[in-house]
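First the structure, in the form of C-alpha cells, and then the observations on it.
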Amino acid sequence: MTLDTLIKAIDNVWVLIAAFLVFIMQAGFAMVETGLTRAKNAGNIVMKNLMDFCIGSLIYWAVGFAIMFGKDIGGFLGSSGFFMLDSFEHLELNIPLESFLIFQTVFAATSATIVSGAMAERTKFIAYCIYSAIISLIIYPVVGHWAWGGGWLSKLGFIDFAGSTVVHSVGGWTAMIGAWMVGPRLGKYSKDGKVNAIPGHSITLAALGTFLLWFGWFGFNPGSTLSGTTQAIGHIAVTTNLAAAAGATSSMIYTWLKYKKPDVSMTLNGALAGLVAITAGAAAVNPASAVIIGTAAGILVVISVEFFEKKAKIDDPVGAISVHAVCGSFGTIMVGLFATDGGLFFGGGISLLLIQLLGVLTTFVWTVATSFILFSALKATVGLRASSDEEIKGLDLEEHGSVAYGDFVIKSFMEEQVSVN
C-alpha cells in the first residue's frame, strides 16, 4: 500500500464515521422536540423525524445532490449528475463519491428536520412529508451550491465551513415561515394577546436530545474537513466544544439574572445556539473567539425566543427559529469579525464581513421566498393545519391511530377538556 492510498483510506473512514455521527443528530432532534412538546404528539414527532430523513435521502440522491454539486450554471445551481449518473470529477474529491454523498445527505436531512420542531403539534403529516421532499429537492441544494458547489458565493470568498447559514439558517428561516403560516397552537395566545406557556412533557428527553446533538456535532464540524489526516480536526473540535459550553453557560446566567432561576430548557437551547453559531467559523477562528461567539449566541437565543413568542406572535415550541436561523446567521456574520485570516478584528479589513453579510441576506431572501410559495401551495391543496379536534386529541391518535404513552396521553386529553369547558 502506498502512502497516497493509505491517506485516502484514512480520509474515507473519517468521513464515513463523521457521517454516522451526524446521522445520530436525527435522534437528537427527535428527542429535543419530543421532550419540549406534549406527550400526545410524541409518536407524530418521531414519525416526522424519521420520514424527513427517509424521504430526503431518496430525493437528495435523485436530484438534490446534482443541483448542489453538479456542473455549475451561472453560479446559481448545478446541472449534471441526476440520480448520481456522473463521476463528478470536477469536485476533485480525495474520497469515494459514495462517501461524499452519504456525508452530504445527512447534512441535507439536518436542514430539513429543523422545521419539524417549529411547526410541532398542529401540522398535517402529509404536508410535512411533502415539505421534506421539496426542501431536499431544491430549497437547500440551491443555497448549498452557492456556497459549497462552486456557485457565486464561494467565488466571492464566502466562509461557511460546516453550514451555520447553508444548513441551519435555511432550516430555521423555513421554520419561521412554516410556523407563521400554520398559526399558533390552540391556547397559546389569549384573546387579549397574553402568552400562555404550554410546557413540554419531558425535560429529560430534551436534555438527552441536546447531548446527542452535541455529540453529533463532533462529526458535523470536524468531519467537514473531509480529511482524517489533517491536523485541523483537533482545533475544530475544540472551537466547537468551547462555543457550546459558553452558550449554555451564558444562557444559564442570563436566565438566572432575568427570571431569578436558571431556566433548564433555555440553557439546553443555549448549548445548541453556541454549536450552531460556531459551525460557520469552526476552522477559521481561534478558541478565545469561539468562546466569545458562543457566549453571545447563548444570550441572543433567549432574547430571540422571547421576541418571536411575545412580539412576533409566532409559536415555536422548541425555539428552532432562534437557535438555527438567528444564531446561524449571527455566527456566519461573526466570521467576518473573528476569522484569523481576513477577519476585521484581525487586521483583514471590512471585505470579508461584507461578503458574510451578503451571504446571510441572500440566503434569507431565497429561503423565505421559496418557503412562502411552498407552504402557500400546501395550504391551498392538501392543507397545512390539523383540525381543532385533531389537535386537542393529539396527532398521535388522529394522524397515526396510536399513542406513545397510553394512559398518560388520555390523562392529558381529559385535563384539556376540563380546561376548555
Report the C-alpha separation of H400 and F125 in whole Å, then their side-chain angles, then the decisive distance to 0.1 Å, and conclude whether the ring-ring contact (aromatic ring centres under 6.0 Å, His included) test is met. CA-CA 9 Å; H400 309 287; F125 183 66; 5.0 Å; yes
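- From S388, atom OG reaches atom NZ of K393 across 12.0 Å, with rounding to the nearest 0.5 Å.
- The main-chain N or O of V195 is never found under 3.5 Å from a side-chain atom of K188 such that the two would form a donor-acceptor pair.
- Using modelled atom types, one finds no donor on one side chain facing an acceptor on the other under 3.5 Å when comparing T332 with D160.
- At distances below 3.5 Å, at least one donor-acceptor pair connects side-chain atoms of S164 with backbone N or O atoms of V276.
- Put simply, the side chain of W148 reaches to within 4.5 Å of the side chain of Q104, judged on heavy atoms.
- Salt bridge annotation for E390-R122: absent, with no cationic side-chain nitrogen under 4.0 angstrom from a carboxylate oxygen.
- A ring pair (Phe, Tyr, Trp, His ring centres under 6.0 Å) with W173 holds for exactly one of F372, F364, F375; it is F364.
- The shortest heavy-atom contact between F330 and A296 is CZ-CB, 3.5 Å.
- Aromatic ring centres of F215 and F211: separated by at least 6.0 Å.
- Between S116 and T113, the side chains place no donor N or O within less than 3.5 Å of an acceptor N or O (distance only, hydrogens not considered).
- Checked options T210, V301, V318; the residue passing with L272 is T210 (criterion: side-chain contact (heavy atoms from CB on, under 4.5 Å)).
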Show your working on ring-ring contact (aromatic ring centres under 6.0 Å, His included) between W61 and F83 and close with a plain yes or no. CA-CA 6 Å; W61 161 76; F83 292 92; 5.4 Å; yes
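- For the atom pair I177 CD1 and S371 OG, the distance stands at 6.5 Å (nearest 0.5 Å).
- In this structure, D72 pairs ionically with K155, as a charged nitrogen and a carboxylate oxygen lie closer than 4.0 Å.
- When all heavy atoms of L352 and A339 are compared, the closest pair comes out as CD2-CB, 3.9 Å.
- N241 and W214 share a side-chain donor-acceptor pair at under 3.5 Å.
- Checked by atom type, the side-chain pair S289/N286 shows a donor-acceptor distance below 3.5 Å.
- Of all non-hydrogen atoms in V115 and G171, the two that sit nearest each other are CG2-O, 3.5 Å.
- Residues H145 and W366 place their aromatic rings such that the two centres sit no closer than 6.0 Å.
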Salt bridge (charged side-chain N to carboxylate O under 4.0 Å, His left out) for R385 and E391? Distances and angles first, verdict last. CA-CA 9 Å; R385 182 164 185 142; E391 185 178 343; 2.8 Å; yes
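- A 4.5 Å side-chain heavy-atom check between W152 and L358 finds at least one atom pair inside the cut-off.
- Y60 and A108 get closest at one heavy-atom pair: CD1-CB, 3.9 Å.
- The pair R185-E121 meets the salt-bridge criterion, since a charged nitrogen lies less than 4.0 angstrom from a carboxylate oxygen.
- Taking the ring centroids of H201 and Y405, they lie under the 6.0 Å cut-off.
- Partner of F220 under the side-chain contact (heavy atoms from CB on, under 4.5 Å) criterion, chosen from I236, L21, T110, L275: T110.
- With no hydrogens or angles considered, a side-chain donor-acceptor pair links D263 and S265 at under 3.5 Å.
- Separation of the F100 and F88 ring centroids does not fall under the 6.0 Å cut-off.
- Ring to ring, F103 and W14 are not that close: their centroids are 6.0 angstrom or more apart.
- You'll find the ring centres of F65 and F82 outside the 6.0 Å limit.
- With respect to K48 and E33, a salt bridge is recorded, a charged nitrogen being found less than 4.0 Å from a carboxylate O.
- Looking at every heavy atom in both residues, V326 comes nearest to S304 through CG2-OG, 3.3 Å.
- Ring pair Y131/Y128: centre-to-centre distance below 6.0 Å.
- Between the T249 side chain and the A245 main chain, a donor and an acceptor come within less than 3.5 Å of each other.
- With a 4.5 Å cut-off on side-chain heavy atoms, H235 and P287 count as touching.
- For the 3.5 Å distance criterion, the side chains of D396 and N44 fail to qualify, holding no donor opposite an acceptor.
- S111 places a side-chain N or O within donor-acceptor distance of the main-chain N or O of V167, the cut-off being under 3.5 Å.
- Residues V106 and F20 fail the side-chain proximity criterion, which asks for heavy atoms closer than 4.5 Å.
- Taking every heavy atom of both residues into account, A66 and S80 meet most closely at CB-O, 3.2 Å.
- A distance of 12.5 Å separates CD1 of I350 from CD of Q356, quoted to the nearest 0.5 Å.
- One side chain, T229 or S227, offers a donor N or O that lies under 3.5 Å from an acceptor on the other.
- Between E309 and I314 there is no side-chain heavy-atom pair separated by less than 4.5 Å.
- In this structure, CD1 on I203 lies 12.0 Å from CG on L208, to the nearest 0.5 angstrom.
- In this structure, the side chains of N49 and F53 stay at 4.5 Å or more apart for every pair of heavy atoms.
- Within a 6.0 Å radius of NZ in K71, other residues, nucleotides and ligands contribute 12 heavy atoms or fewer.
- Rounded to the nearest 0.5 angstrom, L395 CG and R38 CZ are separated by 9.0 Å.
- The distance from atom CG of L361 to atom CG of L354, rounded to the nearest 0.5 Å, is 12.0 Å.
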Quick one: do W217 and T279 satisfy side-chain hydrogen bond (donor to acceptor under 3.5 Å, both in side chains)? Show the steps, please. CA-CA 9 Å; W217 238 284; T279 294; 2.8 Å; yes
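- Aromatic ring centres of Y140 and F107: separated by at least 6.0 Å.
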